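Have a look at the structure below, then the notes.
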Amino acid sequence: MERKIVRIENKDSYGISWYEHAQPYLGSHLGMRFRIARNPMEDVALKPADQKGEAVFEIIIWPEPFCFEKTPEEQKTRAEFPFDEEGKTAMIEWLNEQYEQRFHEWEAVRAKH
């Protein structure tokens with residue numbers, strides 16, 4: 001099987017303000033599904049910056065075909081990053097690293113479905 005890596009770009013996920021509304025971002029990338037959310041997931045969008053509290057980006061990846069809720073926990077991989085632009089950039093880089101390192105796993109689940 002030819003190994004063709006397609007990278008996820010930072011612009012492919014929503015901006016920080018999306019996550020401040022207590023909304024997760026769910027996506028998929030060639031066999032790999034993912035969920036990005038602010039943790040704690042609470043609506044702080046309209047609060048002054050000094051009242052938003054500490055938070056991190058939480059990202060969870062798992063193999064297709066099932067949705068987040070129907071996928072067993074043991075199939076999920078989690079990571080956290082600072083809740084700022086640098087953290088978001090690092091998170092997207094981690095996502096790409098996971099895709100590349102586990103390429104054959106993602107391709108195998110794609111081939112089944």
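This structure is a prediction, so every number in the text was calculated from the model and none was measured.
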Q: I would like to know whether F81 and E86 meet side-chain contact (heavy atoms from CB on, under 4.5 Å); could you show each step before the answer?
A: CA-CA 9 Å; F81 297 88; E86 292 81 20; over 6 Å; no
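- A donor and an acceptor atom, one from each side chain of R102 and T77, are located under 3.5 Å apart.
- Taken together through direct or relayed side-chain contacts under 4.5 Å among Ile, Leu, Val, Met, Phe, Trp and Tyr, W94 and F103 form part of one hydrophobic cluster.
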Q: Decide yes or no on side-chain contact (heavy atoms from CB on, under 4.5 Å) for L30 and R110, but give the supporting numbers first.
A: CA-CA 7 Å; L30 304 171; R110 286 183 67 211; 3.8 Å; yes
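- Under the 30°/60° scheme for interplanar angles, the aromatic rings of F57 and F83 are found to be tilted.
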Q | Intermediate values then yes/no, salt bridge (Lys or Arg N to Asp or Glu O under 4.0 Å), R78 and E58 | A | CA-CA 7 Å; R78 299 170 184 268; E58 178 184 49; 3.4 Å; yes
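- Atom CD of E54 sits in a sparse spot, with 12 or fewer heavy atoms from other residues, nucleotides or ligands closer than 6.0 Å.
- Taking CG from L46 and NE2 from H21, the interatomic distance works out to 6.0 Å, rounded to the nearest 0.5 Å.
- For the atom pair H29 NE2 and N96 CG, the distance stands at 6.5 Å (nearest 0.5 Å).
- At distances below 3.5 Å, at least one donor-acceptor pair connects side-chain atoms of R33 with backbone N or O atoms of P65.
- Cation-pi geometry between K76 and F68 is met: under 6.0 angstrom from the ring centre, within 45 degrees of the axis.
- Between Y14 and W18, the ring planes are tilted. Angles from 30° to 60° get that label.
- Contact record, P24 with M41: CD-SD, 3.7 Å, taken as the closest heavy-atom pair.
- Atoms CD1 and CD1, on I92 and I36 in that order, are 4.5 Å from each other to the nearest 0.5 Å.
- The CD atom of E42 sits 5.0 Å away from atom NZ of K47, with the distance rounded to the nearest 0.5 Å.
- Residues K52 and A45 approach most closely at NZ-O, 4.0 Å, considering heavy atoms.
- Here Q75 contributes atom CD and E105 contributes atom CD; the two are 8.5 Å apart, rounded to the nearest 0.5 Å.
- If you chain together hydrophobic residues whose side chains sit under 4.5 Å apart, Y25 and I16 fall into the same group.
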Q) Going through the distances and angles, do E97 and E100 end up as a side-chain contact (heavy atoms from CB on, under 4.5 Å)? A) CA-CA 5 Å; E97 288 170 3; E100 291 174 22; 5.8 Å; no
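- Taken together through direct or relayed side-chain contacts under 4.5 Å among Ile, Leu, Val, Met, Phe, Trp and Tyr, M91 and Y99 form part of one hydrophobic cluster.
- Ionic pairing of E85 and K88 is not present here: no N-O contact between side-chain nitrogen and carboxylate oxygen is shorter than 4.0 angstrom.
- Note that CG of D43 and CD of E20 are 9.0 Å apart. Values are rounded to the nearest 0.5 Å.
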